[in-house]
Amino acid sequence: MNNNSTNTELLIRFIDGELENDELIALKEQLNTDNSLAAELENLRYAKDAIKSYGIRNTVAAVHSEMMKELNTTKTIARVISLKQILKYSSRIAAMAILVLGIAMLYQYFSATPDQLFRNNYNAFVLHESRGSTDVSALEQPYKSGDMKTTMKIFNQLNSPTAEDYFLNGNAALQSGNPSAAIKSFLALQQKNKSENTHLFEEDTQYYLALAYLQNNDAASALPIFENIHADNKHPYYRQAGSWFITKLKRLATEKK
């Protein structure tokens, strides 16, 4: 199996939620640095939605069945199929595929919801080591072990939370389905950075704050953040804020006004 097919298989398993542990972490890291791989992931998601929503497999199968039926009516089994006939059916299948994909994209555009955009783009933040701070947060261990309840409990007992404390608490709240608490924690971290003239967890906070707004059904607040990310091709979450994603988000933000 070549490398491209191996990557495609990994991406399909990722979309289906079948990757775990080191394999999942490795792919996420690769997606953040490999633009072509990130683009393939986005295309695979479109294709999966098209197949799921409109049954493209059945459509192509029907054309194939029609083709074989016509070919089997020939009296000469060894008949050579002309290039023109092959192109006729290939063009028909390709046209149907393009039409179905176009309809699927329109469907995605008009049926998108903030919660759907959140679920399609959210991956829990994986903490490998303390980032941007020399102090180890008391929240690190429970967060790494997946105990979000304890993470938030410890945070609420702190008198002077650090930047990492705010960041981990925000992510714990996001994973726990509490977007209001996540937004509050991320905004507090941004204010702390501003008042202390620091940039701790800055880009990660931007992205997860925008996701928290989506989870909170507030597309209008999420839009300018995602637009800023999309405008900076050096941003680590640039690929997550793609043009198609922004287009759908703009419609949702406008509807809320």
Side-chain angles (χ1 to χ4, degrees), residues 4 7-19 24-54 56 97-126 171 174-175 179 182-183 186 201-257:
N4 287 340
N7 285 340
T8 300
E9 180 183 347
L10 281 173
L11 292 175
I12 292 173
R13 290 173 60 203
F14 175 70
I15 293 172
D16 291 339
E18 296 177 358
L19 294 185
L24 176 61
I25 294 171
L27 181 60
K28 286 181 179 179
E29 291 178 345
Q30 190 176 357
L31 285 169
N32 285 331
T33 57
D34 189 333
N35 293 341
S36 62
L37 188 66
E40 183 180 354
L41 174 62
E42 190 170 8
N43 290 334
L44 284 173
R45 280 174 170 161
Y46 292 159
K48 181 179 179 181
D49 287 344
I51 292 170
K52 182 178 179 181
S53 302
Y54 296 97
I56 189 173
I98 292 171
L99 176 62
V100 169
L101 184 58
I103 294 173
M105 291 182 72
L106 284 174
Y107 174 80
Q108 288 180 34
Y109 178 76
F110 288 108
S111 65
T113 64
D115 180 65
Q116 181 187 64
L117 294 184
F118 168 78
R119 287 184 285 106
N120 288 345
N121 290 274
Y122 173 71
N123 288 304
F125 180 82
V126 178
N171 277 280
L174 200 57
Q175 288 192 51
I183 292 168
F186 290 136
F201 302 93
E202 185 174 50
E203 293 169 324
D204 295 309
T205 299
Q206 265 188 310
Y207 181 67
Y208 284 99
L209 173 60
L211 285 177
Y213 280 128
L214 284 182
Q215 192 183 45
N216 202 43
N217 198 35
D218 186 357
S221 295
L223 177 60
I225 304 175
F226 278 118
E227 285 182 322
N228 286 336
I229 294 174
H230 180 70
D232 179 8
N233 61 11
K234 300 298 183 182
H235 198 287
Y237 296 98
Y238 170 75
R239 287 298 172 187
Q240 283 84 339
S243 298
W244 181 232
F245 174 83
I246 295 294
T247 298
K248 291 184 286 186
L249 186 55
K250 282 182 177 178
R251 180 186 66 80
L252 292 171
T254 301
E255 288 181 350
K256 279 292 183 179
K257 290 182 179 180

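Closest non-hydrogen pair, P114 versus A219, comes out as CG-CB, 4.4 Å. Scanning both residues, Y208 and Y122, for their nearest heavy atoms gives CE2-CE1, 3.8 Å. The minimum heavy-atom distance between Q206 and I225, with the atom names listed, is O-CG2, 3.3 Å. H230 approaches A241 most closely through the heavy-atom pair ND1-O, 2.6 Å. Closest of all the heavy-atom pairs between Y213 and I183 is CD2-CD1, 3.6 Å. The minimum heavy-atom distance between P224 and A220, with the atom names listed, is CD-O, 3.1 Å.
Counting heavy atoms from C-beta outward, K248 and W244 have side chains that approach closer than 4.5 Å. Side chains of P236 and N32 form no contact here, defined as non-hydrogen atoms less than 4.5 Å apart. Residues Y207 and N121 are in side-chain contact: their nearest non-hydrogen atoms beyond the backbone lie under 4.5 Å apart. Contact check for L174 versus F118: side-chain heavy atoms found under the 4.5 Å cut-off. F226 is listed as a side-chain neighbour of L211, based on a closest heavy-atom distance under 4.5 Å. Counting heavy atoms from C-beta on, the side chains of L27 and L11 come closer than 4.5 Å. L249 is listed as a side-chain neighbour of L214, based on a closest heavy-atom distance under 4.5 Å. Counting heavy atoms from C-beta on, the side chains of F14 and L24 come closer than 4.5 Å.
In terms of modelled atom types and a separation under 3.5 Å, the side chain of N216 and the main chain of A212 share no donor-acceptor contact.
One distance of note links CG of N123 with CD of Q175; it measures 10.5 Å at 0.5 Å rounding. One finds the CG atom of N228 at 8.5 Å from the NE2 atom of H235 (value rounded to the nearest 0.5 Å). Interatomic distance, L252 CG to T247 OG1, rounded to the nearest 0.5 Å: 11.0 Å. Between F245 atom CZ and R239 atom CZ the span is 14.5 Å, to the nearest 0.5 Å.
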